[in-house]
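Chain letters run A, B, ... following the sequence lines, proteins first and then strands; every chain starts at 1. Keep in mind it's a predicted model, so treat the numbers as computed, not measured.
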2 protein chains.
Amino acid sequence: MKKSVVTKVKLTRNQSLVLDSLIKAGQPSGAYALLDTLRPHGFKAPLQIYRALEQLIDLGLAHRLESLNAFIACSHVSCESSGATAFVICDKCETVQEICDESISNFLSSLARKTKIRASKSSIELHGLCNGCSAVSHS
Amino acid sequence: MKKSVVTKVKLTRNQSLVLDSLIKAGQPSGAYALLDTLRPHGFKAPLQIYRALEQLIDLGLAHRLESLNAFIACSHVSCESSGATAFVICDKCETVQEICDESISNFLSSLARKTKIRASKSSIELHGLCNGCSAVSHS
DNA sequence: GAAACATGTGTTATAATATTACATAAGTCA
DNA sequence: TGACTTATGTAATATTATAACACATGTTTC
Ligand SMILES: [Zn+2]
Ligand SMILES: [Zn+2]
Ligand SMILES: [Zn+2]
Ligand SMILES: [Zn+2]
């Protein structure tokens, strides 16, 4: 898993704005939602968002949720350490828990070993109802 | 994890055609690639593909690879048993290994327990270079 | 400083993926 | 049969992502 080694980086204006939006959102955000949010700041084209996101993701400051085609700010200081992260997503309230511990990296290592793959990127996403939403929606 | 309980289902014509294409491809296939493949059989619109895929996925006969926006035929008899499946994807030769054992379901159960989520769907995808490709591309 | 290079930006257009809406047909069961 | 569900056909549209090009800015090297 390639990861940025940098601990402190100077973000460009666009990157900072996108990261701030992501943090403020506190939820998975689509690229076009971010674009709309940032139009008042002069953003006009999707590429401005996608380019900033690419950097932020490389730096471990944001993550892409593959199953939602959406993005979210990293909830840790930064995920540089391992890059082995799992996302647990409530489909009702859209809360996302970002889990990044040894159980994840161990699982991925073991999976890579078993399948003889030289892993470069992983995506673990678990959908369902969080504790609160699960209590409410007892259909 | 909700799963079909059916063991033998009669597929409709469209569903059979899409499944056959997926199996023949033996690789992740995009919806529009499937559409092109099936035009000679009368397919004309993306919805015909997406609708068939939805059924096939519900039946456990096909899977969606979230990180590729693509689909693949189930490599087991069917994944009805657990629905806890991991995909290991070579980014060079596009080979996909579908892993479905206790290590996967245990990991997911544990993750769900830790995060207090009532899980309904999961997606585990590991990218990298398979054994063969990794040997060749020693840059 | 000038040249060479890498990185970031702005903008337009376009590609790739997925869904809505509506009309029709076919299968299932009382 | 009627009532109902499921599958289909088709057109239009929505959503997500990238390509191509021009320009600007920053950094290194001489
Ligand atoms: Zn993170
Ligand atoms: Zn919730
Ligand atoms: Zn399967
Ligand atoms: Zn390979």
Whole angstrom value for the distance that separates [atom2] of [N] from [atom1] of [X]:
| X | N | atom1 | atom2 | value |
| --- | --- | --- | --- | --- |
| A:Lys10 | D:dG26 | NZ | P | 9 Å |
| A:Leu47 | C:dT12 | CG | P | 12 Å |
| B:Leu17 | D:dT8 | CG | P | 10 Å |
| B:Arg51 | C:dT20 | CZ | P | 12 Å |
| A:Leu56 | C:dG8 | CG | C1' | 13 Å |
| A:Leu35 | D:dT18 | CG | C1' | 15 Å |
| A:Asp36 | D:dT15 | CG | C1' | 12 Å |
| A:Glu54 | D:dT16 | CD | P | 19 Å |

Q: Confirm from the modelled atom types if A:Tyr32 and D:dA17 form a donor-acceptor pair under 3.5 Å, side chain to base only.
A: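 Answer is yes: a donor-acceptor pair is held.
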Q: Could you tell me whether the side chain of A:Arg13 has a donor or acceptor atom within less than 3.5 Å of a complementary atom in the base of C:dG8?
A: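 A donor-acceptor contact between them is absent.
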**Q.** Criterion side chain to side chain donor-acceptor pair (under 3.5 Å) on B:Glu125 and B:Ser67, from CA distance to verdict
**A.** CA-CA 7 Å; B:Glu125 297 172 19; B:Ser67 59; 2.3 Å; yes
Q: I would like to know whether A:Glu66 and A:Arg64 meet salt bridge (Lys or Arg N to Asp or Glu O under 4.0 Å); could you show each step before the answer?
A: CA-CA 6 Å; A:Glu66 299 289 352; A:Arg64 177 185 168 88; 3.0 Å; yes
Heavy atoms from C-beta onward define the side chain here; which of [options] lies closest to that of [X]?
| X | options | answer |
| --- | --- | --- |
| A:Asn14 | D:dG9, C:dG10, C:dG8 | C:dG10 |
| B:Gln55 | D:dT8, C:dT11, D:dA7 | D:dA7 |
| A:Pro46 | C:dT19, D:dA17, D:dA7 | D:dA17 |

Can you find a side chain N or O atom of [X] that sits less than 4.0 Å from OP1 or OP2 on [N]?
| X | N | value |
| --- | --- | --- |
| B:Gln48 | D:dT10 | no |
| A:Tyr50 | D:dA17 | yes |
| B:Asn69 | C:dA18 | yes |
| B:Thr12 | D:dT8 | yes |
| A:Arg64 | D:dA17 | yes |

Q) Taking the six-membered ring where the residue is Trp, are the ring centres of B:Phe71 and B:His63 under 6.0 Å apart? A)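 For B:Phe71 and B:His63, the ring centres are not under 6.0 Å apart.
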Q) Are a donor atom and an acceptor atom from the side chains of A:Arg118 and B:Asn131 found within less than 3.5 Å of each other? A)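 Not at all, the side chains of A:Arg118 and B:Asn131 share no donor-acceptor pair under 3.5 Å.
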**Q.** B:Asp101 and B:Ser103: CA distance, side-chain angles, deciding distance, side chain to side chain donor-acceptor pair (under 3.5 Å) verdict
**A.** CA-CA 6 Å; B:Asp101 61 23; B:Ser103 74; 2.6 Å; yes
